[in-house]
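Notes follow once the structure below has been shown.
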Amino acid sequence: MLEKVKYTMGSDPTGKLSRMFGVYDDATGLALRGTFIISPEGKLLNHEVNYYNLGRNIEELLRKVEANIYLGEHGDEACPVSWKQKGDKTLKPSAELVGKVHQAME
Amino acid sequence: MSNACGGLSVGDIVPDFRLETFEPEKGDFGEVSLRRITEEKKWLVLFFYPADFTFV
């Protein structure tokens with residue numbers, strides 16, 4: 001049954017980790033559908049929590065992981081609203097950019 | 001630090017934690033810690049789900 005699973009599966013039987021990340025549901029004893037992205041420096045960069053019956057969008061998760069990796073390597077840049085994948089235009093936040101984001105994105 | 005829902009806030013440094021694991025590619029149990037992952041300079045995605053057979 002696990003033959004296609006390639007990632008590490010963690011075990012949190014006491015709910016300690018779920019509580020640390022704020023996804024433990026006291027009413028059911030289950031974890032909500034939470035996704036957390038942590039940088040190599042140990043910083044929590046993203047948090048998404050869905051109630052039980054809403055599945056998560058994996059394309060969006062991969063987009064955010066790629067974006068965070070890129071931003072980790074380019075500390076002076078920002079991924080704008082429309083950023084989808086590596087290679088898409090980014091912005092360099094500065095006073096000069098005020099009122100000119102549209103132009104910068106053309 | 002906590003937010004309105006309890007738990008860590010985005011921007012926090014995550015405290016070290018350890019988890020017992022199962023590695024399907026090795027077919028064996030193991031253990032992972034956040035400290036070891038950051039020592040290896042890796043990114044980590046934690047993906048919580050409520051239970052098996054919840055279909056989403």
Side-chain angles (χ1 to χ4, degrees), chain A residues 1-58 61-62 64-73, chain B:
Chain A
M1 196 152 99
L2 289 180
E3 59 213 17
K4 291 193 179 148
V5 175
K6 304 246 184 258
Y7 48 83
T8 302
M9 302 182 77
S11 167
D12 183 35
T14 63
K16 181 176 174 187
L17 197 69
S18 311
R19 283 187 182 88
M20 190 195 293
F21 283 89
V23 290
Y24 187 83
D25 182 345
D26 285 308
T28 61
L30 302 174
L32 294 165
R33 298 191 190 278
T35 305
F36 302 90
I37 300 174
I38 300 172
S39 74
E41 292 74 38
K43 192 182 216 180
L44 181 62
L45 296 180
N46 274 99
H47 156 133
E48 179 189 3
V49 182
N50 287 358
Y51 199 66
Y52 295 105
N53 286 350
L54 178 56
R56 284 157 280 188
N57 182 323
I58 300 305
L61 172 59
L62 292 175
K64 283 189 174 167
V65 171
E66 267 199 16
N68 277 314
I69 290 173
Y70 180 86
L71 293 172
E73 295 163 354
Chain B
M1 270 183 264
S2 64
N3 57 34
C5 302
L8 295 167
S9 297
V10 169
D12 288 349
I13 296 294
V14 182
D16 191 23
F17 60 83
R18 275 176 38 238
L19 273 185
E20 280 184 39
T21 60
F22 180 73
E23 306 273 353
E25 296 208 281
K26 287 188 199 155
D28 202 5
F29 295 102
E31 194 185 79
V32 77
S33 73
L34 180 60
R35 168 168 288 141
R36 183 152 57 87
I37 291 168
T38 54
E39 274 169 9
E40 294 172 3
K41 306 240 186 307
K42 288 183 175 168
W43 287 80
L44 175 63
V45 175
L46 282 178
F47 192 92
F48 289 88
Y49 72 104
D52 293 346
F53 310 114
T54 52
F55 309 118
V56 164

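Please read these numbers as outputs of a predicted model, since none were measured by experiment. Note on naming: letters A, B, ... go to the chains in the order of the sequence lines (proteins, then strands), and numbering restarts at 1 for each one.
The nearest pair of heavy atoms linking B:Tyr49 to A:Met9 is OH-CE, 4.5 Å. Nearest approach of B:Ile13 to A:Glu41, heavy atoms of both residues: CD1-O, 4.2 Å. Across all their heavy atoms, A:Ser11 and B:Leu19 have their closest contact at O-CD2, 3.1 Å. Nearest heavy-atom pair, A:Asn46 versus B:Val10, reported as atom, atom and distance to 0.1 Å: C-CG2, 4.0 Å.
A:Leu32 touches chain B through its backbone: at least one of N, CA, C or O sits under 4.5 Å from a heavy atom, while the side chain does not. Proximity to chain B (any heavy atom under 4.5 Å) is shown, for A:Tyr24, by neither the backbone nor the side chain. Heavy atoms closer than 4.5 Å to chain B are found in both the backbone and the side chain of A:Ile69. Contacts between A:Ile58 and chain B at a heavy-atom distance below 4.5 Å involve the side chain alone, from C-beta outward. For B:Val14, the parts sitting under 4.5 Å from any heavy atom of chain A are the backbone and the side chain alike.
Take A:Arg19 and apply the side-chain hydrogen bond (donor to acceptor under 3.5 Å, both in side chains) test, not counting sequence neighbours, and it matches no residue. Every residue two or more places apart in sequence or in another chain that forms a side-chain hydrogen bond (donor to acceptor under 3.5 Å, both in side chains) with B:Glu31 is listed here: B:Arg18. Residues satisfying the salt bridge (charged side-chain N to carboxylate O under 4.0 Å, His left out) test with B:Glu20, not counting sequence neighbours, are none.
Residues A:Leu61 and B:Phe47 meet the side-chain proximity criterion, which asks for heavy atoms closer than 4.5 Å.
Ring geometry for B:Phe48 versus A:Phe21: interplanar angle of 30 to 60°, hence tilted.
Using a 4.5 Å cut-off between non-hydrogen atoms, the part of residues 34-46 of chain B that approaches chain A consists of B:Leu34, B:Thr38, B:Lys41, B:Lys42, B:Trp43, B:Leu44, B:Val45, B:Leu46.
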